[in-house]
Amino acid sequence: MTDFDFATAPALETDRLRLRRITVDDYEDWLAVWHSPGVLDYLIDFDGLPGGEVASAIINWADRIVRERSGIRWAITLKPNDRMIGSCGFHLYARRDRRVEIGYELHSDYWRQGIMTEAAQAVVQFCFNQLDVHRVEADVVEGNAASAALLTKLGFTLEGNWRERVFKRGAFHSLWQFGLLAPDYQALQKAKRGT
Ligand SMILES: CC(C)(COP(=O)(O)OP(=O)(O)OC[C@H]1O[C@@H](n2cnc3c(N)ncnc32)[C@H](O)[C@@H]1OP(=O)(O)O)[C@@H](O)C(=O)NCCC(=O)NCCS
């Protein structure tokens, strides 16, 4: 198994995007992402519109997971601009099980242009190719059609519905569990290459 050196936490390049490390300078832009219409609808860990303290805590979290070697959250930037328009990454890296969870959010000005498809594809590719994980998973709050469509497009399988699994914002919420296994990912890549 590859033991990835998190100290290098590399930038990822796609056709239109550059995914780079998040820094304290992204503070305002990340707040703008969360405050853009609709972004928090299904991000139920947020009790309401986040302010400065929450932004600082999450930037610290993004820094900490790299130091703890349990994840990387990248800032999504639209080349050649370096401003953050969203974020995407993995966390909860379980080495023994070779499993990670992914998460993402995008400023709503940029929705439905294939941007998260491009960003999440790069992150998923990183997880399978650089970390050599066996499984990538994502929990989606029931009803989040955009996130479910994105994961389905990336080849994830809807594996089940954890009924009323979390209590947030004064109510129970069910979670859709999505997963993608390494052999399925490799088969998809092979089919794409037509080999
Ligand atoms: C989920 C999210 C990241 C999708 O980003 P995006 O860049 O707009 O997604 P894409 O343009 O790459 O679209 C991917 C697929 O989802 C579909 N899709 C996007 N938004 C959709 C919506 N609201 N309803 C149904 N399908 C949708 C697209 O049509 C596309 O499928 P297609 O190519 O087969 O047509 C974005 O809606 C978002 O930031 N939501 C708020 C945060 C969030 O919910 N994060 C996930 C928590 S689990």
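Start at 1 with the first residue, then count along the sequence. Both ligands and their constituent atoms are indexed starting at 1 by order of listing.
Checked against a 3.5 angstrom limit, the closest N/O atoms of G114 and ligand 1 fall inside it. Residue E105 places no N or O, backbone or side chain, under 3.5 Å from any N or O of ligand 1. Ligand 1 has no N or O atom lying under 3.5 Å from any N or O atom of Y42, backbone or side chain. In terms of N/O distances under 3.5 Å, ligand 1 is approached by T117. At a 3.5 angstrom cut-off on N or O pairs, R112 counts as close to ligand 1. Note: an N/O pair closer than 3.5 Å links Y104 and ligand 1 by distance alone.
Of the protein's heavy atoms, W111 CZ2, 3.6 Å lies nearest to atom 40 (N) of ligand 1. Looking at atom 41 (C) of ligand 1, its nearest protein heavy atom turns out to be V39 O, 3.5 Å. Atom 47 (C) of ligand 1 has as its closest protein heavy atom L43 CD2, 3.6 Å. Among protein heavy atoms, the minimum distance from atom 31 (O) of ligand 1 is reached at K153 CD, 3.8 Å. Protein heavy atom at the shortest distance from atom 44 (O) of ligand 1 is N144 ND2, 2.8 Å. Ranking protein heavy atoms by distance to atom 9 (O) of ligand 1, first place goes to M116 CB, 4.0 Å.
Below 30°, between 30° and 60°, or above 60°: for Y185 and F128 the angle between ring planes is below 30°, a parallel geometry.
Closest to atom 21 (C) of ligand 1 by heavy atom, among G86, A146, A149, is A146.
Residue contacts with ligand 1 for V141 are absent, since no atom lies close enough (heavy atoms, distance under 4.0 Å). Only the backbone of Q113 comes within 4.0 Å of ligand 1, judged by heavy-atom distances.
The structure places CD1 of I58 at 11.0 Å from OH of Y27, a figure rounded to the nearest 0.5 Å.
In terms of modelled atom types and a separation under 3.5 Å, the side chain of R20 and the main chain of D82 share a donor-acceptor contact. A donor-acceptor distance shorter than 3.5 angstrom exists from the side chain of W74 to the backbone of P10, with no hydrogens or angles considered.
The presence of a protein heavy atom under 4.0 Å from atom 2 (C) of ligand 1 is ruled out. Protein heavy atoms all stay at least 4.0 Å away from atom 35 (O) of ligand 1.
Between F156 and W176, the distance from one ring center to the other does not fall under 6.0 angstrom.
Remark: distances from the non-hydrogen atoms of D41 to ligand 1 are all 4.0 Å or more.
Ligand-side atoms of ligand 1 in range of D139: 48 (S), range being under 4.0 angstrom from any heavy atom. Taking a cut-off of under 4.0 Å to the non-hydrogen atoms of L106, the atoms of ligand 1 that pass are 7 (O), 39 (O).
A salt bridge does not link R83 with E28: every distance from a Lys NZ or Arg NE/NH1/NH2 to an Asp or Glu carboxylate oxygen is 4.0 Å or more.
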